[in-house]
K.L.:
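Sharing a structure with you now.
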Amino acid sequence: MSAWTVVLLASGLAFATKLAGYLVPESWVEGPRRSRVLTLLPVALLAGLVAIQTFGGEGGSLHLDARLAAVVAAVLLLLLRANFLVVVVGAAAVAAGLRALGWG
């Protein structure tokens, strides 16, 4: 399978997923409990993705490297109410600096 085939299939799948979200009957998402779960679900998925990308190594092992320091820097900048662009650039700078020093 070529790279373009994979890109087109992924694009079609993303479109179908978004379309399915519009076609879900409103009765399936009504109610305070369902609404709360559906509101918090993307946050939980994103947190899981960040954790896997930060700590995951080859073969499922735990790695502590420059990625962890970058996430800590991003959290500190967010606690200081920094602009999102400043958070991204700051975390990238921390990771790049530590990797340039040979850590990670």
Side-chain angles (χ1 to χ4, degrees):
M1 203 180 295
S2 72
W4 281 108
T5 305
V6 173
V7 168
L8 291 174
L9 287 174
S11 299
L13 182 62
F15 178 77
T17 303
K18 288 181 181 250
L19 180 63
Y22 284 112
L23 298 177
V24 170
E26 192 173 332
S27 63
W28 288 12
V29 294
E30 284 180 347
R33 186 172 185 183
R34 287 184 198 164
S35 176
R36 181 156 172 80
V37 168
L38 291 173
T39 301
L40 295 176
L41 190 61
V43 175
L45 291 172
L46 183 60
L49 178 64
V50 168
I52 292 296
Q53 292 296 317
T54 300
F55 300 115
E58 293 180 22
S61 62
L62 179 66
H63 280 232
L64 301 177
D65 58 5
R67 293 176 292 183
L68 177 60
V71 170
V72 170
V75 168
L76 290 175
L77 288 169
L78 285 172
L79 289 174
L80 294 173
R81 305 273 186 205
N83 185 340
F84 184 70
L85 183 60
V86 172
V87 172
V88 171
V89 171
V94 167
L98 289 174
R99 287 184 177 168
L101 293 174
W103 190 61

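This chain uses plain numbering: 1 for the first residue, then up along the sequence. In this text the structure is predicted, and so the values were computed from the model without any measurement.
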K.L.:
For the residue pair Leu98 and Ala69, what are the closest heavy atoms and their distance?
P.N.:
CD1-CB, 3.3 Å

K.L.:
Can you tell me how far CG of Leu45 sits from CG of Leu40, rounded to the nearest 0.5 angstrom?
P.N.:
11.0 Å

K.L.:
Could you tell me which non-hydrogen atom of Gly90 sits nearest to which non-hydrogen atom of Leu77, and how far apart they are?
P.N.:
CA-CD1, 4.1 Å

K.L.:
Looking at every heavy atom in both Leu68 and Thr54, which two are closest together, and how far apart are they?
P.N.:
CA-CG2, 3.8 Å

K.L.:
Of all the heavy-atom pairs spanning Ser35 and Thr39, show the shortest one and how long it is.
P.N.:
O-OG1, 2.6 Å

K.L.:
Do you know which two heavy atoms are closest between Ala73 and Val94, and how far apart they sit?
P.N.:
CB-CG2, 3.8 Å

K.L.:
Out of curiosity, does Val50 fall in the hydrophobic cluster containing Leu62 (side-chain heavy atoms, cut-off under 4.5 Å, transitive links)?
P.N.:
no

K.L.:
Let me check something: do Val71 and Val89 share a hydrophobic cluster, defined by ILVMFWY side-chain heavy atoms less than 4.5 Å apart, either directly or through other members?
P.N.:
no

K.L.:
Which heavy atom of Ala66 sits nearest to which heavy atom of Trp103, and what is that distance?
P.N.:
CB-O, 3.7 Å

K.L.:
Do Arg99 side-chain atoms and Asp65 backbone N/O form a donor-acceptor pair below 3.5 Å?
P.N.:
no

K.L.:
Near Leu49 CG, under 6.0 Å, is it more than 12 heavy atoms from other residues, nucleotides or ligands?
P.N.:
yes

K.L.:
Are Val75 and Phe55 connected, step by step, through hydrophobic side chains (Ile, Leu, Val, Met, Phe, Trp, Tyr) whose heavy atoms are closer than 4.5 Å?
P.N.:
no

